[in-house]
Engineer: 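One structure, as structure tokens, below. Some questions next.
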Amino acid sequence: MIDEIPKQYSPSDTEERWYSFWEENNLFSAKVNHEKKPFTILIPPPNITGILHMGHALNNTLQDILVRYSRMRGLESLWMPGTDHAGIATQNVVEKAIAKEGFKRQDLGRDKFIERVWRWQEEYGSTIIRQLKKLGASCDWQRLRFTMDEEYSKAVVEVFLRLYEKGLIYRGTYIINWCPRCHTALSDEEAAHREIKGSLYYLRYPLEQANRQTGKQANYIVVATTRPETMLGDTAVAVNPKDKRYKNIIGKTITLPLVNRRIKIIADSIVDIKFGTGAVKVTPAHDPNDYALGKKHRLDFINVLNPDATMSELAGPYKGLERFKAREKIVEDLKALGLLEKIEPHDLSAGHCYRCHTIVEPYLSKQWFVKMGPLAKSAIKVVKEGKIKFYPNRWTKVYLNWMENIQDWCISRQIWWGHRIPVYYCGSCKEGDGVIVSRIKPEKCPKCNSSDIHQDEDVLDTWFSSWLWPFATFYRKDDLAYFYPTSTLVTAPEIIFFWVARMIMAGMEFQNKIPFKDVYIHGTVRDAEGKKMSKSLGNSIDPLEVIKEYGADALRFSIISITAQGQDVFLSKEKFEQGRNFANKVWNASRFILINLVFEKVNFDLCVFFKKEALSPVNRWILSRFFSILSEVEKCLEKYRFNEAANLLYGFFWHEFCDWYLEIIKSDIQNPHNQLIMYKVLEKSLRAMHPFMPFITEEIWQKLPHEGLSIMVSKWPHIQKQIIDKEIEKEMAEVFEVVSAIRNMRLALDIPLASLDIQVKIYPANKNNRLLLESNASYIKSLAKVKSLAIEDKFLHLKNEYVNVLKGMHITIPLTGIIDIDKYLKKINDKILGAEIDIKSKKAMLNNKNFIQRAPKEIIEAEKNKLEALNEEAKKLRGLRDGLKA
RNA sequence: GGGCUCAUAGCUCAGUUGGUUAGAGCGUUGCGUUGACAUCGCAAAGGCCAGAGGUUCAAGUCCUCUUGGGCCCACCA
């Protein structure tokens, strides 16, 4: 047997084998089963461009723990997997690929390009799925969904139509976030605000009348701006009506420099008197505030930018210049004209494209929007009523705050890859805007019968399909009825707005039911310095490398045990050693048991008739501890306290089961009770640890006597409450304290644990002590490696005995014949003397005024610390000496 | 401007509704190996729980403020 089981656990040998086994036996699949309650988790669909990173590893391990746990608890457990078509991200990747071949998507044309993306998706789109399997994810792969599946796409179109018919989708010209690199509109959420170091430019705008009337030096008004290039599109200057400085010039005209446009000075209370000069240039086509001002005061909207962020036709002499080049040039030109007052450094936050990190432009364009206010209402209600709960709870506030201030959602994207907007336009219709919203392309215009019909060129925001994920993934009605609402959503904080909030709105709007009951928000994975782990920063640890080196179980266990609820996770490679070491510990404890287990002796039926009274204290103790721990583990999992659950199992298995229990029964391992209990506790522990470490637990479980096909479909251990015995737990804890005390005494006396036999006498403090010691004497003897243990009636400190006091008990070791007392005492006394001499000299040093006054502080501090250490040492030695009676 | 979060052992962090002696991993020190495991065992050292005030019989935990990190949101021209 020993030869069969290697001393070290080798994950690579076992993981692939068991994963295939689970898949081949269909153990991941869930079906409608009205005998059982359902438990459903939807994977946050990774992008098809995605490659497994530590964030995924954490996210999916958490989900797998929940699913495996609930599966073992007898719930019909479905983990629905799938991928997201990730419009912009995927289009960017494929564009890069064809760029290597020397052409652009426009060269291919829309249809050919889309074909190309599909081919790319077939080849690379499931990379992350294969990687999730390496992690051990027990998803029902037969249900693998993709947001561009035909059925899924139908749902997207259906939803668009329903919202349109309800008047919740509209088209209009507004300022949106425009990414000049991706050439598309973005939603507010997709334009992530980041601090940038910018400048505040103070520009002089000449006043027309002043010039004429005085004929003197040009009189001007100074405006401050962070984006001087937009001045080309200015159509007013605004001041606060209460601002005394500008009271007299409201309504007057300015000649806009460089383009010589005549614009008015208007008054509006929105202007902050304290900011800049209190006068603000108004560019209605390039700023959301200015847009509002423009509407209110009926100003002109002049778009001076092209979609690629070069200056447009309307930028006059600057036409064609890139926006930042134009900025430089304009500042230069204004300076030359004496119209640049000053430039101040100014930090501001600007939107960045969440896909390519380019600074986005506020840009006036015609887009499709979803009216969010009406959708938010019931989504707010269900969270306020506690029907959906966030873990940790603090995210509730974040969610509600966003929902209560919700803005309309720009859903059209000027890219090709995605769900094309189901809107058609009649080319010859004279009435209205010619918009036809339809599930399929209409043959003829319903109004004028023209067949000159073309579809809207834009596609929908990727999140417009993702928000349907909780129900659109169920392609069969009975599945939807059974598995929806789902149970728990496990996700990261950064997508609460993108996804979680919108799913709740969609669930309420289209199913009239919440999409999930619990939302568990885990932390962000960071490196040792606290920076977010990301490919672009180059600080990421590749989970696949970790799996290769340490094993998937080690990765899973490590990452879980260091992830406190909702806190960020700080990772470094060494942290995976903890998981690897634990896996190895489990492996070797099992190896020991397998070597010593006589299979025939493990009578399964025997335990049914076991009364706990029949068992030895240590067997009662380990069973009680196991069930106590298990009940805590369950409580933790109910509350999504994964790390606590993992650490409880870790501590129990390693320190209680291995370090104490197995060590105790080693000497009597053939005893049938010990055989049975060590087997039982191991087997149950494996089941309890399986959700956390699926591979190694399966590997060992299969080697043990077992019933059933696989540990993953075995039952979660049932807590036998009558076996939990707090008395025995307390009693054994005290026994272990006595053992530790004796071990300490041996160490102090330099008596190695292995070599000499010692005889220990204990004088109990009271009756309870006596009972405790008497009934556990054999354990104490074997654990402390004591030859004999006598429980005495009366404490007498005899000659040549070393005494230690623990909770009123006197533990003594007679030293005659074991060590040479005189020699030992002399050694100790010498040490004490030596220490005292050192103390004396240190004290003298510290009492020396010259030293104190002249020596550097650090040195004095160090000397003080040395003195303290010496005092400690001497105290210990005296204790040792006083415990001895020579 | 609003909000959230963190500060506990040398390092990285746990510590649920207040309740005996504040824990773990790593690191350090000492001892230990032919008997499951050195990816190990037995021990040890190491904490004014950021600072100040308050509530309480009782505060690492609750309240207020201060200091110093991190994050999110907002129409900071």
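Reminder, nothing fancy here: chain letters follow the sequence lines and each chain counts from 1.
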Engineer: With sugar-phosphate meaning primed atoms plus P, OP1 and OP2, does A/Ala564 contact a base, only sugar-phosphate, or nothing at under 4.0 Å between heavy atoms?
Structural biologist: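 Contact class for A/Ala564: sugar-phosphate only.
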Engineer: For the pair A/Glu229 and A/Arg323, find out whether any cationic side-chain nitrogen is under 4.0 Å from an anionic carboxylate oxygen.
Structural biologist: no
Engineer: Mind checking if A/Lys635 touches a base, just sugar-phosphate, or nothing, with heavy atoms under 4.0 Å?
Structural biologist: nothing
Engineer: Among B/C72, B/G15, B/A43, which is the nearest nucleotide to the side chain of A/Arg641?
Structural biologist: B/G15
Engineer: Report which part of the nucleic acid A/Glu663 touches: base, sugar-phosphate, or nothing (heavy-atom distance under 4.0 Å, all strands).
Structural biologist: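 Base, at least one base atom sits under 4.0 Å.
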Engineer: Is the shortest side-chain N to carboxylate O distance from A/Lys666 to A/Glu663 below 4.0 Å?
Structural biologist: yes
Engineer: Tell me what A/Asn647 touches on the nucleic acid: a base, only sugar-phosphate, or nothing, going by heavy atoms under 4.0 Å.
Structural biologist: nothing
Engineer: Using atom C1' of each nucleotide, how far apart are B/U67 and B/G51 to the nearest Å?
Structural biologist: 7 Å
Engineer: Can you identify which nucleotide, out of B/A77, B/C40, B/A43, has its nearest atom closest to the A/Ser740 side chain?
Structural biologist: B/A43
Engineer: Can you tell which of B/C4, B/A36, B/A77 lies closest to the side chain of A/Arg591?
Structural biologist: B/A36
Engineer: Could you work out which one of B/C73, B/A36, B/C13 sits closest to the side chain of A/Phe570?
Structural biologist: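 In terms of side-chain proximity for A/Phe570, the closest of B/C73, B/A36, B/C13 is B/C13.
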Engineer: Rounded off to whole Å, could you give me the CD-to-P distance for the A/Gln565 and B/U17 pair?
Structural biologist: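 Atom CD in A/Gln565 sits about 11 Å away from atom P in B/U17.
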Engineer: Give one of base, sugar-phosphate or nothing for A/Phe497, where a contact means two heavy atoms less than 4.0 Å apart.
Structural biologist: sugar-phosphate
Engineer: Counting heavy atoms from C-beta on, name the nucleotide in B/U5, B/A77, B/C42 closest to the side chain of A/Arg394.
Structural biologist: B/U5
Engineer: Among B/U5, B/A36, B/C26, find the nucleotide with the atom closest to the side chain of A/Ile595.
Structural biologist: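 Selected nucleotide (nearest to the side chain): B/A36.
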Engineer: Does a donor on one side chain and an acceptor on the other come within less than 3.5 Å for A/Asp234 and A/Tyr205?
Structural biologist: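 Yes.
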Engineer: Quick check for you: among B/C4, B/C42, B/A36, whose closest atom lies nearest to any side-chain atom of A/Asn588?
Structural biologist: B/A36
Engineer: Using the P atom as the point on both nucleotides, what is the distance between B/G41 and B/G27, in whole Å?
Structural biologist: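 Each nucleotide's P atom is 13 Å from the other's.
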Engineer: Side chain of A/Asp659, heavy atoms from C-beta onward: which of B/G41, B/G25, B/A36 has the nearest atom to it?
Structural biologist: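 Given the options B/G41, B/G25, B/A36, the side chain of A/Asp659 is closest to B/G41.
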Engineer: Figure out the NZ/P separation between A/Lys7 and B/G35, and round it to whole Å.
Structural biologist: 8 Å
Engineer: I want to verify a distance call: between B/U12, B/G41, B/G15, whose nearest atom is closest to the A/Glu644 side chain?
Structural biologist: B/G15
Engineer: Taking atom P of B/U39 as reference, at what distance in whole Å does atom CZ of A/Phe582 sit?
Structural biologist: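 Distance, rounded to whole Å: 18 Å.
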Engineer: Would you measure the distance from the C1' atom in B/G1 across to the matching atom in B/A45 and give it in whole Å?
Structural biologist: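 My reading of the C1' atoms in B/G1 and B/A45 gives 50 Å.
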Engineer: Report which part of the nucleic acid A/His286 touches: base, sugar-phosphate, or nothing (heavy-atom distance under 4.0 Å, all strands).
Structural biologist: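 Counting heavy atoms under 4.0 Å across all strands, no contact is made by A/His286.
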Engineer: For the side chain of A/Asp290 and the backbone of A/Pro284, is there at least one donor-acceptor N/O pair under 3.5 Å apart?
Structural biologist: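 A pair under 3.5 Å: no.
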Engineer: Rounded to whole angstrom, note down the C1' distance from B/C40 over to B/A36.
Structural biologist: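 That atom pair is separated by 10 Å.
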Engineer: With distance as the sole criterion, is a donor-acceptor pair present between the side chains of A/Asn240 and A/Asp272 under 3.5 Å?
Structural biologist: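 There is no such pair between these side chains.
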Engineer: A/Asn584 side chain: which of B/U39, B/A43, B/C40 is closest?
Structural biologist: B/U39
Engineer: Side-chain donor or acceptor of A/Thr226 under 3.5 Å from a matching atom on the base of B/C76?
Structural biologist: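 Looking at the base of B/C76, it does not pair with any donor or acceptor on the side chain of A/Thr226 (distance under 3.5 Å).
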Engineer: A/Lys585 near the nucleic acid: base, sugar-phosphate alone, or nothing, with a heavy-atom cut-off under 4.0 Å?
Structural biologist: base
Engineer: Any base atoms under 4.0 Å from A/Val271, or only sugar-phosphate, or nothing? Heavy atoms, all strands.
Structural biologist: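 Counting heavy atoms under 4.0 Å across all strands, the contact made by A/Val271 includes a base.
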Engineer: Measure the distance from NE2 on A/His193 to P on B/C72 and round it to the nearest whole Å.
Structural biologist: 12 Å
Engineer: Side chains of A/Pro362 and A/His286, heavy atoms from C-beta outward: is any pair under 4.5 Å?
Structural biologist: no
